[in-house]
Amino acid sequence: MRNTICSILFAFISLSTSFSQSNQSVYAELLGNGLIFSFNYDTRFSDKPTGLGGRFGLGFIGKGDEGALLIPMQLNWLLGKDGKYFEIGLGTTYVGGTQEFFEEDIDHFVGTLTFGYRRQPLDGGFMWKAAITPILADGFFWPYYVGFGLGYSF
């Protein structure tokens, strides 16, 4: 599982560094693709503020060394102009947890979607987003999950 996550992270970093150093953002997300709370990095895979991009995040729920590591990864597409965008995304969130926090050790991926609004100024600065973020897991589908993000774009 760690090899899979490392491979995905390496591919994401390679893609994001091969394009422009503009149209990037960092933000904290409550609920959403990080399931509870996550810190995220998002970039476009071109010089344009719209089009294909991706995000990679990191979250943790629990207490001390007991809990779950959450790693949201997603490809997304921004449609719109002038810093006002409709965001569509498809990805996965890795969930890995300890037996003490859950009834058994958890080590799997959950499917995620995003359909939302993003306000991200063209010249950088404060950004925010709100979205419906359906979750798909083993025999489980939660269509009305939501997420809210606040951060900084550059």
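Bear in mind that the values here come from a model prediction, so they are computed numbers and not experimental data.
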Participant: Would Phe60 end up clustered with Val95 when hydrophobic side chains under 4.5 Å apart are linked, directly or stepwise?
Facilitator: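 No: no chain of side-chain contacts under 4.5 Å links Phe60 to Val95.
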
Participant: Sub-3.5 Å donor-acceptor pair from the side chain of Asn23 to the main-chain atoms of Asp47, do we have one?
Facilitator: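 Side chain of Asn23 to backbone of Asp47, a donor-acceptor pair under 3.5 Å: yes, one is there.
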
Participant: Answer yes or no: is there a side-chain heavy-atom contact under 4.5 Å between Thr50 and Trp77?
Facilitator: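 They are not in contact (no side-chain heavy atoms under 4.5 Å apart), so the answer is no.
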
Participant: Identify whether the distance between the nearest side-chain nitrogen and carboxylate oxygen of Glu87 and Arg55 falls below 4.0 Å.
Facilitator: no

Participant: Taking the six-membered ring for Trp and the full ring for Phe, Tyr or His, determine whether the centres of Trp128 and Tyr117 are under 6.0 Å apart.
Facilitator: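 Yes, they do, as the ring centres are separated by less than 6.0 Å.
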
Participant: Judged by atom type as modelled, is there a donor-acceptor pair below 3.5 Å linking the side chain of Thr43 to the main-chain atoms of Gln24?
Facilitator: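 A pair under 3.5 Å: no.
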
Participant: Answer yes or no: is there a side-chain heavy-atom contact under 4.5 Å between Ser25 and Gln120?
Facilitator: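 Counting from C-beta outward, Ser25 and Gln120 do come under 4.5 Å.
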
Participant: Is it true that Tyr27 and Leu75 fall in one hydrophobic cluster, defined by side-chain heavy atoms closer than 4.5 Å?
Facilitator: no

Participant: Would you check if the side chain of Thr93 reaches a backbone N or O of Asn33 as a donor-acceptor pair within less than 3.5 Å?
Facilitator: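 At least one qualifying donor-acceptor pair exists.
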
Participant: Atom NZ of Lys48 and atom NZ of Lys81: how far apart are they, to the nearest 0.5 Å?
Facilitator: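 The NZ atom of Lys48 sits 14.5 Å away from the NZ atom of Lys81.
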
Participant: Return the CD1 to CG distance between Ile88 and Leu52, rounded to the nearest 0.5 Å.
Facilitator: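 CG of Leu52 is found 11.5 Å from CD1 of Ile88.
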
Participant: Drop me the distance from Leu30's CG to Leu35's CG, to the nearest 0.5 angstrom.
Facilitator: 11.5 Å

Participant: Find out if a path of hydrophobic residues (ILVMFWY) with successive side-chain heavy-atom gaps under 4.5 Å connects Phe154 to Leu122.
Facilitator: no

Participant: Nearest 0.5 Å, please: how far is CG in Leu90 from CZ in Phe115?
Facilitator: 8.5 Å

Participant: Please round to the nearest 0.5 Å and tell me the distance separating atom CG of Leu69 and atom CD1 of Ile106.
Facilitator: 12.0 Å

Participant: What's the shortest heavy-atom distance between Val110 and Ala137, and which atoms?
Facilitator: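 Scanning both residues, the minimum pair turns out to be CG1-CB, 4.3 Å.
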
Participant: Side chains of Met127 and Arg119: closer than 4.5 Å at any heavy-atom pair?
Facilitator: no

Participant: Which heavy atom in Gly54 sits nearest to a heavy atom in Phe45, and how many Å separate them?
Facilitator: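 For Gly54 and Phe45, the tightest heavy-atom pair comes out as N-CZ, 3.7 Å.
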
Participant: Quick one about Gln74 and Thr114 (side-chain donor to acceptor, distance below 3.5 Å, no hydrogens or angles considered), yes or no?
Facilitator: yes

Participant: Flag the pair Tyr41 / Phe39 as yes when their ring centroid distance falls below 6.0 Å, and as no otherwise.
Facilitator: no

Participant: Sort and list the pairs that fulfil side chain to side chain donor-acceptor pair (under 3.5 Å) and have at least one residue in residues 138-154, not counting sequence neighbours.
Facilitator: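 Listed once each, the pairs would be none.
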
Participant: Flag yes if Ile71 and Phe109 sit in one hydrophobic cluster, no otherwise; membership is Ile, Leu, Val, Met, Phe, Trp, Tyr, and two members link when side-chain heavy atoms are under 4.5 Å apart.
Facilitator: yes

Participant: How far apart are the closest heavy atoms of Asn40 and Pro72, and which atoms are they?
Facilitator: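 Closest approach of Asn40 to Pro72: OD1-CG, 3.6 Å.
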
Participant: Salt bridge between Asp42 and Arg118, side-chain N to carboxylate O under 4.0 Å?
Facilitator: yes

Participant: Return the CG to OH distance between Leu70 and Tyr94, rounded to the nearest 0.5 Å.
Facilitator: 10.0 Å

